[in-house]
4 protein chains.
Amino acid sequence: MATESSRPIRARNPEEKQQRRSEILKAAERLWENTPYSELSMNQVAREAKLAKGTLYLYYDTKEELFLSLLNEHLQAWFTDVQDLIKAQPVTSAAQITDVLVASLRPHLSLRRLILLLSTVLERNIKPDSSTEFRRLVRRNLHDISQQLDLPPEVTFRILSHLYALVLGWHEASEAKSISYPANDQEKPKYERPDFETEIALALRAIVPVLMAEQTS
Amino acid sequence: MATESSRPIRARNPEEKQQRRSEILKAAERLWENTPYSELSMNQVAREAKLAKGTLYLYYDTKEELFLSLLNEHLQAWFTDVQDLIKAQPVTSAAQITDVLVASLRPHLSLRRLILLLSTVLERNIKPDSSTEFRRLVRRNLHDISQQLDLPPEVTFRILSHLYALVLGWHEASEAKSISYPANDQEKPKYERPDFETEIALALRAIVPVLMAEQTS
Amino acid sequence: MATESSRPIRARNPEEKQQRRSEILKAAERLWENTPYSELSMNQVAREAKLAKGTLYLYYDTKEELFLSLLNEHLQAWFTDVQDLIKAQPVTSAAQITDVLVASLRPHLSLRRLILLLSTVLERNIKPDSSTEFRRLVRRNLHDISQQLDLPPEVTFRILSHLYALVLGWHEASEAKSISYPANDQEKPKYERPDFETEIALALRAIVPVLMAEQTS
Amino acid sequence: MATESSRPIRARNPEEKQQRRSEILKAAERLWENTPYSELSMNQVAREAKLAKGTLYLYYDTKEELFLSLLNEHLQAWFTDVQDLIKAQPVTSAAQITDVLVASLRPHLSLRRLILLLSTVLERNIKPDSSTEFRRLVRRNLHDISQQLDLPPEVTFRILSHLYALVLGWHEASEAKSISYPANDQEKPKYERPDFETEIALALRAIVPVLMAEQTS
DNA sequence: TATGAATGAGATTTCATTCAT
DNA sequence: TATGAATGAAATCTCATTCAT
């Protein structure tokens, strides 16, 4: 009786388990929004999910698996957004492609931060299975998008790879507070801190035509 | 003689201290070449440098400071390489600039890995001083290079920012073994894994002219 | 079965936790019997208790807390002994009180050594809570004893304070090997090293009547 | 030239060395007045003495030796005071002896704190030589005093031993802030904190006659 | 399945002491 | 003799992960 409020209901069947995984993910998500990875402990996630630390490990083998899963979610959400945008309007020219891609990124700040993680932290402690699943997800969406854009998959792949690199690189260069300026720093930076979207748009607009041109050769 | 191996020479004057810092850095460097950050312990660095653990902390306050310092070294080495390359041959066109920059990166694999670190791990546990020093180094070299290239500093800054983003982004996409394919994976990637240098060259060649053109407007 | 030696049983409910605390205390106790405080490391305690170092810190915040707890135990044991002795025989005269107190100390060598610690080392690194708990223990027992002796609490308090001072002072003067005589010392001490019990008895026998007399005035 | 102000003059001959020892002792003394032993680092002593840490160790082998030396000084000063007091007025009765001893302690707070140290910390890390020297000092003064008081040395020895025990014990009970009451503690101690001098006087007054009487038996 | 105590590795700090210069 | 860098042991703390219940 007293236990009901203090203990979560046991997840017995697969659906309940999936539900539980999802709750954990949502908890991690909430914390991730305003906590950097290194300061975000499994303990906190457990507390936020109202579960015991050990329970987390029934659903995710490692901290990295948990965050890779989070990345999966966000990536899928973004892929969906991209596809929706393409469906909503004709996208054929290089400029249109660029615009759609740049616009699609706007609401996905968390994804951008997660992508940085992938490259460093998430490399380790990942089961081959999770890694395979991740690549499968990317491949599947890549394929769908290349069909929608009516481009050869190789070209789509390179475009998105460049986008990925730009997102990863520019995220850090523009938004991360890393090596930040102390409040009283006399040597203020002379140049504007570059804007994520502007620079990515500029770069993509320059790159995409080249990639599209290469296919014909 | 026998003593030589048992105790390091004491670093008394500033030069010797700098020397000792440098030795520690070299030890960290050797380990860094084949050990990921998270598996590289201060204990190991101490052993490799043939110093006591406590001594390390006389020279570097935290693990992060140590690696930021390593990044500093590599960055300076690269900046020097870039400047040497520019001196060695006329570099005026966008294509020439791109070629020089791309070529300069070739021997700096460690730098590329370190840059990834900066964006995630090195954000934390860094004294404002170290952060300031880091930015000063970047600024100084940026200034020098912009003079050599006879370009407005803002343009140089943006070019290098794009280079930075591309390095950061493409490093991960091409060389990192992250989310790697298990040996027995049936689903071999259909597309060639993109090549770091090729893609960066392609992108930079497309971007630099745009940036140089913007200045006149 | 084989597991029994590799991992301690987990302390889940409060009683088991108290049990675990007590085991740690017993381990500390065993070491304390033949190791001076400064040479007794938390590492050793952990090994002796067959626990990981970190586990110790789940139960005791600092080395000082651990030893204050040890003192608590011993003090309580002694207080209990005193009360049992008083119950066992009529104790009314000053002489009887003295005899009981002196006799009660005999088996508590560890307590005497701990009391010395209290005055120097244990002052530091103690949470207010622990300090309060310690004083509460003293007060409670003081109260009980004064009731048993049918003396005003103030008198009991002063008698025990003198006993405390004498124990602290004479412990050092008689048993401690401090500033000990080297084996080959020509200057043998001319006088007998005073005996702890004799001197305390002598002093207490002289003091107690005075204190008891003062109450009537 | 510049060195003169920044470096102490070299102590070459024995007098200069003694002088240097004395300076170190004075530095330690100044710090000891308001710093507990455990918080008083050799580094601080070195700074206070305007010497390098290593130099301290040319004059004192260990931290304990240094503080034993400090104790020596204070003890000698007190012995001298006692002897001066005895010379200044007739001291024959037990009461007079007690009064003189109690009065003599008044200005020697530092000594009282040092005596506590002796019993715990100073036991260790002491060369036999220092220990011998310490006992020699005690013996010499004991002898002188017993002559002045015209008492058998054994009796003087026991009286002073009791005094020592009382000082040690009551110092802790009355002055030390150990296990102190937090400011907002509701459970204020019901009884007055006993006064060092009052209690020692009371005890000594009761004990000395007994000891003096025993000699005749 | 759920729990949270236990683990153990590693980072960091402090400090008495040693030793090359 | 004087120096202060180097040592190394120990305390402390944090955290991902494991495992007995």
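- To the nearest angstrom, C1' of dA9(E) lies 10 Å from CG of Asn43(B).
- Between Phe67(A) and Tyr37(A), the shortest heavy-atom contact is CD1-CE1, 3.6 Å.
- Checking dA2(E), dG8(F), dT1(F) against the side-chain heavy atoms of Thr55(A) singles out dA2(E) as nearest.
- Arg47(A) has its CZ atom 12 Å from the P atom of dT14(F), to the nearest Å.
- The separation between Tyr60(D) atom OH and dT1(F) atom P is 15 Å, rounded to whole Å.
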Under 3.5 Å, which N/O atoms of the protein pair with N/O atoms of nucleotides 12-15 of chain E?
unit_1	atom_1	unit_2	atom_2	d
dT12(E)	OP2	Tyr57(B)	OH	2.9
dT12(E)	OP2	Lys63(B)	N	3.0
dT12(E)	O4	Lys53(B)	NZ	3.4

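- dT17(F) atom C1' lies 17 Å from atom CD of Gln44(A), rounded to whole Å.
- Counting to the nearest Å, the P atom of dT17(E) and the CD1 atom of Ile126(D) are 10 Å from each other.
- Phosphate proximity of dA2(E) to Tyr59(A): present, with a side-chain N or O under 4.0 Å from OP1 or OP2.
- Residue-level contact check: Leu40(B) touches the backbone only, with heavy atoms under 4.0 Å from sugar-phosphate atoms and none from bases.
- Between Leu114(B) and Trp32(B) there is a side-chain heavy-atom pair separated by less than 4.5 Å.
- Of the N and O atoms on the side chains of Ser22(A) and Lys26(A), at least one donor lies less than 3.5 Å from an acceptor on the other residue.
- Residue Leu58(D) contributes atom CG, which lies 12 Å from atom P of dT18(E) at whole-angstrom precision.
- Electrostatic pairing of Arg20(A) and Glu23(A) counts as a salt bridge here, judged by a charged N lying under 4.0 Å from a carboxylate O.
- For the pair Lys17(B) NZ and dT3(F) P, the computed distance is 15 Å after rounding to whole Å.
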Nucleotide-level pairing of DNA chain E, given in dot-bracket where Watson-Crick and G-U pairs need both distances under 3.5 Å and | marks other strands: .||||||||||||||||||||
